Amino acid sequence: MAPRLDFSDWWAKDTRKGTPVVVKMENPNYSVVEIDGPDSAFRPVEKSRGKNAKQVTWVLLLKAHRAVGCLTWLATVFWSLLGAIKKRLSFTQPMGSEKLGRDKWLFTAIKLFLAVSLVILGFEIVAYFRGWHYFQSPNLHIPTSTLEIQSLLHLVYVGWLSLRADYIAPPIKALSKFCIVLFLIQSVDRLVLCLGCFWIKYKKIKPRFDEQPFRNEDAEGSGFEYPMVLVQIPMCNEREVYEQSISAVCQLDWPKDRILVQVLDDSNDESIQQLIKAEVAKWSQKGVNIIYRHRLVRTGYKAGNLKSAMSCDYVEAYEYVAIFDADFQPTPDFLKLTVPHFKDNPELGLVQARWTFVNKDENLLTRLQNINLCFHFEVEQQVNGVFLNFFGFNGTAGVWRIKALEESGGWLERTTVEDMDIAVRAHLHGWKFIYLNDVKVLCEVPESYEAYKKQQHRWHSGPMQLFRLCLGSILTSKIAIWKKANLILLFFLLRKLILPFYSFTLFCIILPLTMFVPEAELPVWVICYIPVFMSFLNLLPSPKSFPFIVPYLLFENTMSVTKFNAMVSGLFQLGSSYEWIVTKKAGRSSESDLLSITEKEAPNKKSQLLRGVSDSELLELSQLEEQKQAKKPVKKTNKIYHKELALAFLLLTAALRSLLAAQGVHFYFLLFQGVTFLLVGLDLIGEQMS
């Protein structure tokens with residue numbers, strides 16, 4: 001019989017009658033249920049009453065199994081990390097450590113900070129196990145009565161608490177508030193840039209030109225009148241990439257009589273010079289208008305090389321100059337996508353194309369670099385180009401109007417960022433820039449941490465040199481006041497000085513310091529929520545990199561020590577602020593490049609190279625080929641970086657101190673950040689040398 005559906009209990013009192021019945025089951029797998037009415041069997045039973053001893057046992061065993069599995073995984077990771085550290089330390093040669101030179105002031109300060117932290121940590125551990133717990137956030141109770149003092153050590157600890165609360169905590173709070181304000185300002189700037197990028201995407205804003213900009217009915221022959229274009233390839237000891245860059249430039253789709261390629265070789269290795277000469281000779285025999293230039297006096301690095309090339313008499317016949325570094329491979333239609341923008345636009349001085357990276361998926365380091373550079377081009381360069389007509393020239397993959405270069409003073413050798421220097425001076429003279437996000441040029445990012453660190457040092461010390469040198473010119477220039485404010489406050493101060501300053505100071509100095517001075521503890525939103533949100537914004541231009549958001553956040557904080565050191569060195573002319581080290585390349589090509597080289601050039605390469613060559617040149621080329629094949633690669637080793645290792649131990653020490661205070665988020669952040677510094681300090685990120 002179906003159960004009775006009684007709805008009277010919805011509005012009336014409980015009128016059920018009957019004697020409660022207790023049913024006991026013989027099978028111990030069933031639980032004991034108490035029935036207090038005829039329809040009790042149809043009411044839900046409380047879960048807490050439906051578990052017997054065997055079920056509870058199985059649940060406990062399952063939780064224990066999961067805990068053991070987690071501990072096993074952590075132990076495996078820790079053991080693997082120790083093994084990697086031991087292997088790195090055992091195989092690193094004495095010469096394989098970083099040379100500090102005149103930049104050791106920061107390393108000395110970090111070592112001193114670490115030593116003081118270890119002493120305070122030992123003191124705090126003793127106090128913790130003796131039960132001297134006087135700090136309960138945010139209040140601090142310091143014993144004042146002599147009856148509460150237990151011993152001399154206790155008296156010293158109480159004195160330390162008073163000193164910490166009265167004299168150490170206030171300046172740390174003031175500095176942390178200052179850094180937080182800078183952090184928020186920079187976050188707002190980053191958010192505004194992202195909103196500007198969204199607006200450009202939504203409105204589909206991009207520079208355009210006529211379909212046939214060079215058509216001229218009066219022109220002889222084809223009816224098109226192309227301007228004269230000079231293409232420059234500056235290089236220095238670029239054994240790995242010279243061939244592919246020269247090959248890509250010589251295949252640019254432009255009338256042969258309207259283009260000249262200058263290979264500006266600053267190599268001091270004679271074997272590399274001969275190889276580049278042979279490559280130039282090969283393309284010259286194919287009808288390409290190409291010349292080889294080598295300076296006898298190599299001064300001024302890249303700026304001196306470009307300045308020397310622009311001083312040639314034949315340059316006066318050319319209207320535009322395109323510049324490509326040795327690892328860049330432009331597509332054949334590059335000039336036809338960039339040069340037309342100059343047509344009927346006399347105020348335009350620069351057209352900049354975007355970089356894309358052929359080795360962005362090579363290792364974790366290249367993936368993290370791709371995130372930064374994608375944001376730089378997709379957001380920063382594009383927004384500044386659309387709304388301000390100004391951005392920093394990237395030094396390559398761009399086309400300049402030669403008249404703009406000459407009116408701005410030409411290439412100067414006063415800094416290591418000659419590209420930014422000429423861009424700022426051209427902006428002060430009223431020239432406008434255009435950025436083309438859809439015109440892409442293949443290139444490489446550094447695959448080893450050593451090369452990447454040297455590149456970042458130059459990129460962050462040079463702008464501070466330039467800011468110090470051109471501040472007076474900016475203030476006295478005739479451009480609008482808002483353009484001066486943008487140059488000084490945003491372009492230089494906020495994005496080149498404030499960013500590395502607060503990043504290093506806040507997360508590598510103040511945060512571990514507050515673990516020993518809990519009165520100045522940083523809020524969770526400063527160390528967790530906002531950094532994650534900012535990292536999320538940085539990853540928007542490269543959505544495939546979202547799985548790397550945590551490594552990206554930790555690695556950016558790790559790189560802050562290099563950027564801060566470079567910024568201070570450039571601003572005050574310390575250490576190696578004017579040192580230029582060529583970024584090492586691997587010589588990788590895209591898949592299409594490899595296929596074209598294999599299918600087209602391999603069968604006829606030798607015959608094309610030897611056609612029209614004299615006997616002496618033939619002998620020289622054969623010797624070069626033998627030398628190229630017999631040359632043994634230079635043995636490379638991964639290095640050990642002292643500043644990163646010292647900061648790793650400092651952060652891990654602070655993490656241990658936060659563990660005593662049961663600070664969850666702070667502990668995990670310091671722990672993972674310390675491990676990241678340790679991995680970077682031992683050069684376990686990026687290319688691994690065998």
Side-chain angles (χ1 to χ4, degrees), residues 3 14 16 18-86 121-122 124-138 511-512 515 518 521-525 527-529 531-532 546-551 553-554 648 651-676 678-679:
D14 191 1
R16 292 192 301 268
T19 304
V21 179
V22 177
V23 180
K24 295 184 178 180
M25 307 301 294
E26 296 296 334
N27 192 343
N29 290 329
Y30 292 89
S31 59
V32 178
V33 180
E34 182 177 331
I35 302 177
D36 59 355
D39 58 346
S40 297
F42 302 99
R43 295 202 304 269
V45 182
E46 295 181 11
K47 293 183 179 181
S48 59
R49 287 185 162 186
K51 295 180 181 179
N52 60 10
K54 182 174 290 188
Q55 289 175 330
V56 172
T57 303
W58 279 108
V59 170
L60 293 177
L61 287 175
L62 180 60
K63 291 183 177 180
H65 180 266
R66 291 178 179 175
V68 171
C70 182
L71 292 176
T72 305
W73 180 81
L74 290 175
T76 303
V77 171
F78 182 71
W79 189 257
S80 301
L81 178 61
L82 289 180
I85 293 173
K86 181 180 178 181
L121 176 63
E124 294 285 353
I125 291 176
V126 173
Y128 178 82
F129 284 106
R130 293 204 176 190
W132 300 337
H133 309 306
Y134 300 119
F135 181 80
Q136 296 180 354
S137 181
L511 179 58
M515 296 300 100
E521 179 182 337
L522 293 175
V524 174
W525 60 269
I527 64 173
C528 182
Y529 301 146
V532 171
F546 272 100
F548 302 98
I549 184 170
V550 174
L553 172 61
L554 297 173
L651 293 172
L652 293 176
T653 303
L656 183 57
R657 175 62 184 87
S658 68
L659 188 62
L660 297 178
Q663 296 168 312
V665 176
H666 297 73
F667 167 73
Y668 288 114
F669 182 86
L670 289 167
L671 176 63
F672 291 124
Q673 191 64 71
V675 171
T676 306
L678 184 63
L679 295 175

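Hydrogens, waters and symmetry mates are skipped; everything else that's a heavy atom, side chains included, is used. Treat the numbers as computed from the prediction; the structure is a model and nothing was measured.
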**Asked** Can you name the ring pair (Phe, Tyr, Trp, His ring centres under 6.0 Å) partners of Y529, sequence neighbours left out?
**Response**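 By the ring pair (Phe, Tyr, Trp, His ring centres under 6.0 Å) rule, Y529 matches no residue at all.
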Straight-line distance of [X] [atom1] to [Y] [atom2], nearest 0.5 Å:
X	Y	atom1	atom2	answer
L656	I125	CG	CD1	5.0 Å
L511	E521	CG	CD	9.5 Å
L651	S658	CG	OG	10.5 Å

According to side chain to side chain contact (heavy atoms under 4.5 Å, CB included), who are the partners of [X], at least two apart in sequence or on a separate chain?
X	result
Y668	F672
A648	F677, L678
L60	V56

**Item:** L652 side chain reached by L670 side chain, heavy atoms, under 4.5 Å
**Value:**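 With C-beta onward as the side chain, the pair stays apart.
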**Prompt:** Taking C-beta and beyond as the side chain, do Q673 and T676 meet within less than 4.5 Å on heavy atoms?
**Reply:**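 Answer yes - side chains close enough.
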**Item:** Closest contact, heavy atoms only, P531 versus W525
**Value:**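 In terms of heavy atoms, the two residues are closest at CD-O, 3.9 Å.
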**Request:** Determine, step by step, whether L553 and I549 satisfy the side chain to side chain contact (heavy atoms under 4.5 Å, CB included) criterion, reporting the C-alpha distance in whole Å, the side-chain angles of both residues, the deciding distance to 0.1 Å, and the verdict.
**Result:** CA-CA 6 Å; L553 172 61; I549 184 170; 5.7 Å; no
**Prompt:** Is H666 reaching over with its side chain to a backbone N or O of I527, donor-acceptor style, under 3.5 angstrom?
**Reply:**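 No; judged by distance alone, with no hydrogens or angles, the pair does not exist.
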